[in-house]
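Here is the naming used below: chain letters follow the sequence lines, and residue numbers restart at 1 for every chain. This structure is a prediction, so every number in the text was calculated from the model and none was measured.
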2 protein chains.
Amino acid sequence: MILELQRATHATLQVLSARLADLDLTPSELNALGNLGRTASGDRPEEGAGRTVSELGAATGTRPTTLTGVLDRLERRGLITRAAHPGDRRAVLVTLTAEGAATAAVITRAIADLEREALADLPAGTVEAALTVLRALT
Amino acid sequence: MILELQRATHATLQVLSARLADLDLTPSELNALGNLGRTASGDRPEEGAGRTVSELGAATGTRPTTLTGVLDRLERRGLITRAAHPGDRRAVLVTLTAEGAATAAVITRAIADLEREALADLPAGTVEAALTVLRALT
DNA sequence: TATTGTTATACTCTATAACTATA
DNA sequence: TATAGTTATAGAGTATAACAATA
C-alpha cells in the first residue's frame, strides 16, 4: 500500500510538472502557488486576501526555511507579494498578484484535468474509498 | 484527490523516517534498501541475488544520477556490494550484504506495522479500492 | 549507434541552529 | 519566555549534459 502510494505520488508529480513545464516553476513553487490559489478563489473567499507563511507551510508540507527561498523567487517574479499582518506584526501575509492568480488558476485546472482523465473509468464509490484510506494514513 | 495523495505521502514518510531514525538513513536510502530487501526475501526468491542499477531506479523512482550517490553511501557503510553482471558487462549488480539484509528486514517490518495500525479500522474492500485508484493514477 | 553506469555542474530541498522583531 | 520569519551552513535530491565501456 505505502509503496503504491509513493509510486502514484511520484508518477502524478512527474506528469504534472511535465504539463506545466512552460511555467518554469519548481515542484515546491507549484505547490505553494496552487495552494494560495485554492484558498483565494475557492473555499473561503473572504480570506482570499492572503495567508501567513506558517499557514502556507502547514498546508503544503514545506519547512519554513524552504518556504523563505520559494517565496523569494515567487516574489522576484511578481507572482506574490509579502505584506505585514494587521493583527500580528511578527507575521507575514502572502498574497497573489493578478499574474500570480492567473498562474495559480492554470495549475489548479491542470490538477483537475489530470484527475478527471485518470479516474474517469473507475466505478463510483472507488474514489471515495481511496480518500478514506488516504485520510486514515494521514 | 491529488492533494490528499501528496499529504498522505508526506505524512507517512514523516512517521516512517522518525521511527527508523536509529538507522541514520535518508529517505532515498531507505527506499533503495527496502526495495532490495523486498525482492531478495519475498516475491521472487530465485532472483534474490541482486538487481541492476536500472531496475532499482525504475522500482524506486530514483534517477540514475541520484542512485549513484545513494549506492556509494550504502556501499561505504557495508550494506550493499556492487558486482559485474554476468550477462551484460555494462550493467552493475547491486546485492545486499548480510547486514544490509538485516536492515532491509527492519524497514520492511516498519512499513507493514505502520500500514496495519493506520488501516486496521477500515471496512473491508476499502483498501482494495484505494489500490485501484493509485494504480489508475500511476 | 544505442545503452549502462558514472562524473560534473548548478540549482533546489532539507535539517539544524542562530538571529531579529515582535508577543 | 515563546513565536514568526529570516539567515547561514552543510548535506542530499534533481536535471542536464558529457563521458567510458560495452552492446
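- For B:Glu75, the side-chain contact (heavy atoms from CB on, under 4.5 Å) criterion is met by B:Ile80, B:Arg82, not counting sequence neighbours.
- Rounded to an integer number of Å, the gap from B:Arg51 CZ to C:dT4 C1' is 17 Å.
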Could you list the donor-acceptor pairs under 3.5 angstrom formed between side-chain atoms of residues 8-18 of chain B and any protein atom two or more places apart in sequence or on another chain?
from: B:Thr9; atom 1: OG1; to: A:Thr9; atom 2: OG1; distance (Å): 2.6
from: B:Thr9; atom 1: OG1; to: B:Leu5; atom 2: O; distance (Å): 2.9
from: B:His10; atom 1: NE2; to: A:Gly61; atom 2: O; distance (Å): 3.2
from: B:His10; atom 1: NE2; to: A:Arg63; atom 2: NH2; distance (Å): 3.2
from: B:Thr12; atom 1: OG1; to: B:Ala8; atom 2: O; distance (Å): 3.0
from: B:Thr12; atom 1: OG1; to: B:Thr9; atom 2: O; distance (Å): 3.0
from: B:Ser17; atom 1: OG; to: B:Leu13; atom 2: O; distance (Å): 3.4
from: B:Ser17; atom 1: OG; to: B:Gln14; atom 2: O; distance (Å): 3.3

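- Proximity of B:Thr60 to A:Gln6: side-chain heavy atoms (C-beta onward) are nowhere separated by under 4.5 Å.
- Considering only side-chain atoms of A:Ala91, the nucleotide from D:dT6, C:dT6, D:dA4 that sits closest is D:dA4.
- Evaluation of the side-chain hydrogen bond (donor to acceptor under 3.5 Å, both in side chains) rule for A:Ser28 yields no partner, not counting sequence neighbours.
- For the residue pair B:Thr52 / B:Ser54, no side-chain donor-acceptor distance below 3.5 Å is found, with atom types taken as modelled.
- Atom OG1 of B:Thr126 and atom CD of B:Glu128 lie 8.0 Å apart (nearest 0.5 Å).
- Residues satisfying the side-chain contact (heavy atoms from CB on, under 4.5 Å) test with B:Ala130, not counting sequence neighbours, are A:Met1, A:Ala130, A:Val133.
- At a threshold of 4.0 Å, the pair A:Glu29-A:Arg76 does not count as salt-bridged, since none of the basic side-chain nitrogens sits closer than that to a carboxylate oxygen.
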Going 5' to 3' along nucleotides 12-23 of chain D, which nucleotides have protein heavy atoms under 4.0 Å from the base (write B), which only from the sugar-phosphate (write S), and which from neither (write -)?
SSBBB----BBS
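- For the pair B:Leu67 CG and C:dT4 C1', the interatomic distance rounds to 12 Å; values are reported in whole Å.
- Distance CG (A:Asp72) to P (D:dT7): 6 Å, rounded to an integer number of Å.
- Between the CZ atom of B:Arg82 and the C1' atom of C:dT4 there is a distance of 13 Å, given to the nearest Å.
- Comment: B:Glu115 does not engage B:Arg109 in a salt bridge, judged by the lack of any side-chain N to carboxylate O separation of less than 4.0 angstrom.
- Atom pair A:Leu93:CG and D:dT6:P shows a separation of 12 Å (rounding to whole Å applied).
- Among the duplex regions that DNA chain D forms, those built from at least three successive Watson-Crick or G-U pairs under 3.5 Å are C:1-23 with D:1-23, ordered by first number.
- Atom CG of B:Leu71 is separated from atom P of C:dG5 by 10 Å (rounded to the nearest Å).
- The distance between atom CG of B:Leu25 and atom P of D:dG11, rounded to the nearest whole Å, is 17 Å.
- Straight-line distance from the CZ atom of A:Arg76 to the C1' atom of C:dT12: 13 Å, rounded to whole Å.
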